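One structure is given below, encoded as structure tokens.
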Amino acid sequence: MKKNKKELVWEYTKAVVTALLLALFIRAYFIQAFKNPSGSMIPTLLIGDHILVNKFIYGTTLPFSDRRILPFRKPEKGDIIVFKYPEDRKRDFIKRVIAVEGDVIESKNKVIYVNGKAVDEPYAQHTDTSLRPGGIEPRDNFGPHIVPKEKYFMMGDNRDQSYDSRYWGYVDIRDIRGEALIMYWSWDGKNHWPRFERIGRLVK
């Protein structure tokens, strides 16, 4: 039986609304797209990298609440995560977890120590050979600090060009959006061309 115009419009409307609600549900609880806006994570992430963020790995946030349920695990050292920037929670930042609750963290001449042991950081990049003494500013020397409960110490891989926990403190578990998962697109703004070789890479 041939459907009239009103029935067709209604069916299309239902399909579009259902698709939108499903997309919003997935974005809210499972996967979110994120564009890397800065060079603080070079060489791991470049400006213009677009990534998918796993939002349920650390637990799902209930609507209108910061409470998390059904966590698979807590953030671990080495995870690259997207979180609400503590000084402006309307903005999202992406950094690497360097220390978790209970850890003692410090830096001596650009070398990071966690619980008294130097951290092996093959992902870290230093572009400035000069050393800044502690007490003036914490880029190269700070601590020791004990990471409080349910807090995380975050740093960018591009160590000399990253504004991170050395300057603004810890990230609360409630402000973590999820773990960076995979690059689905990468745009080189300088050369106005896609970085095809980066598409599909796991973020680690």
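A quick note: this is a predicted structure, and the numbers were derived from the prediction, not measured.
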His126 side, atom NE2; Asp128 side, atom CG - distance, nearest 0.5 Å: 10.5 Å
Verdict with supporting geometry, Arg73 and Glu179, salt bridge (Lys or Arg N to Asp or Glu O under 4.0 Å): CA-CA 11 Å; Arg73 64 175 178 85; Glu179 182 182 16; 3.1 Å; yes
More than 12 heavy atoms from other groups under 6.0 Å of CD1 on Ile146: no
Test: Lys84 cationic atom under 6.0 Å from Phe93 six-membered ring centre, within 45° of axis: no
Stacked cation flag Arg96 on Tyr123, 6.0 angstrom / 45 deg: yes
Whether Asp164 side chain and Arg166 backbone form a donor-acceptor pair below 3.5 Å: yes
Spatial distance of atom CD1 (Ile80) from atom CD1 (Ile51) [nearest 0.5 Å]: 8.0 Å
Hphob cluster co-occupancy, Val119 + Val171, side-chain heavy atoms under 4.5 angstrom: no
Check against salt bridge (Lys or Arg N to Asp or Glu O under 4.0 Å), Glu101 and Lys149: CA-CA 5 Å; Glu101 60 181 24; Lys149 184 178 180 181; over 6 Å; no
Side chain to side chain donor-acceptor pair (under 3.5 Å) between Asn158 and Gln125, intermediate numbers included: CA-CA 5 Å; Asn158 191 8; Gln125 169 178 284; 3.1 Å; yes
Option among Arg201, Glu197, Arg195 that satisfies the side chain to side chain donor-acceptor pair (under 3.5 Å) test with Ser186: Arg195
Side-chain donor or acceptor of Arg198 paired with backbone N/O of Pro194 under 3.5 Å: no
Spatial distance of atom CG (Asp120) from atom NZ (Lys117) [nearest 0.5 Å]: 13.0 Å
N/O donor-acceptor pair under 3.5 Å between Ser165 side chain and Met154 backbone: yes
ILVMFWY network linking Tyr58 to Tyr85, side-chain heavy atoms under 4.5 angstrom: yes
Side-chain donor or acceptor of Asp157 paired with backbone N/O of Ala124 under 3.5 Å: no
Validation row: Gln161, Arg159 side chains within 4.5 angstrom (heavy atoms): no
Flag, side chain of Trp168 to backbone of Tyr163, donor-acceptor distance under 3.5 Å: yes
Short side-chain to backbone donor-acceptor contact, Asp140 and Asn109, under 3.5 Å: no
Spacing of NE2 belonging to His145 relative to OH belonging to Tyr170, to within rounding of 0.5 Å: 6.0 Å
Any side-chain heavy-atom pair of Met155 and Lys95 under 4.5 Å: no
Side chains of Met41 and Asp49 in contact at under 4.5 Å (non-hydrogen atoms): no
Any donor-acceptor pair under 3.5 Å from Ser40 side chain to Ser162 backbone: no
Step-by-step side-chain contact (heavy atoms from CB on, under 4.5 Å) determination, Gln32 to Asn54: CA-CA 7 Å; Gln32 180 178 339; Asn54 182 341; over 6 Å; no
side-chain contact (heavy atoms from CB on, under 4.5 Å) evaluation trace for Ile98 with Ile112: CA-CA 9 Å; Ile98 304 300; Ile112 300 299; 3.8 Å; yes
N/O donor-acceptor pair under 3.5 Å between Asp79 side chain and Ile81 backbone: no
Donor-acceptor contact present, side-chain Asp175 to main-chain Arg177, <3.5 Å: no
ILVMFWY network linking Val104 to Phe153, side-chain heavy atoms under 4.5 angstrom: no
Side chains of Phe142 and Tyr167 in contact at under 4.5 Å (non-hydrogen atoms): no
Distance (rounded to the nearest 0.5 Å) between Phe34 CZ and Met183 CE: 12.5 Å
Stepwise side-chain contact (heavy atoms from CB on, under 4.5 Å) test for Ile105 and Tyr113: CA-CA 6 Å; Ile105 184 168; Tyr113 293 81; over 6 Å; no
Whether Asp103 side chain and Val114 backbone form a donor-acceptor pair below 3.5 Å: no
NZ (Lys77) with more than 12 external heavy atoms under 6.0 Å: yes
Close side-chain approach of Glu76 to Val100, heavy-atom, < 4.5 Å: no
Step-by-step salt bridge (Lys or Arg N to Asp or Glu O under 4.0 Å) determination, Asp172 to Arg174: CA-CA 5 Å; Asp172 193 286; Arg174 295 174 298 177; 3.2 Å; yes
Test item: Pro75 and Ile173 side chains (from C-beta on) under 4.5 Å apart, heavy atoms: yes
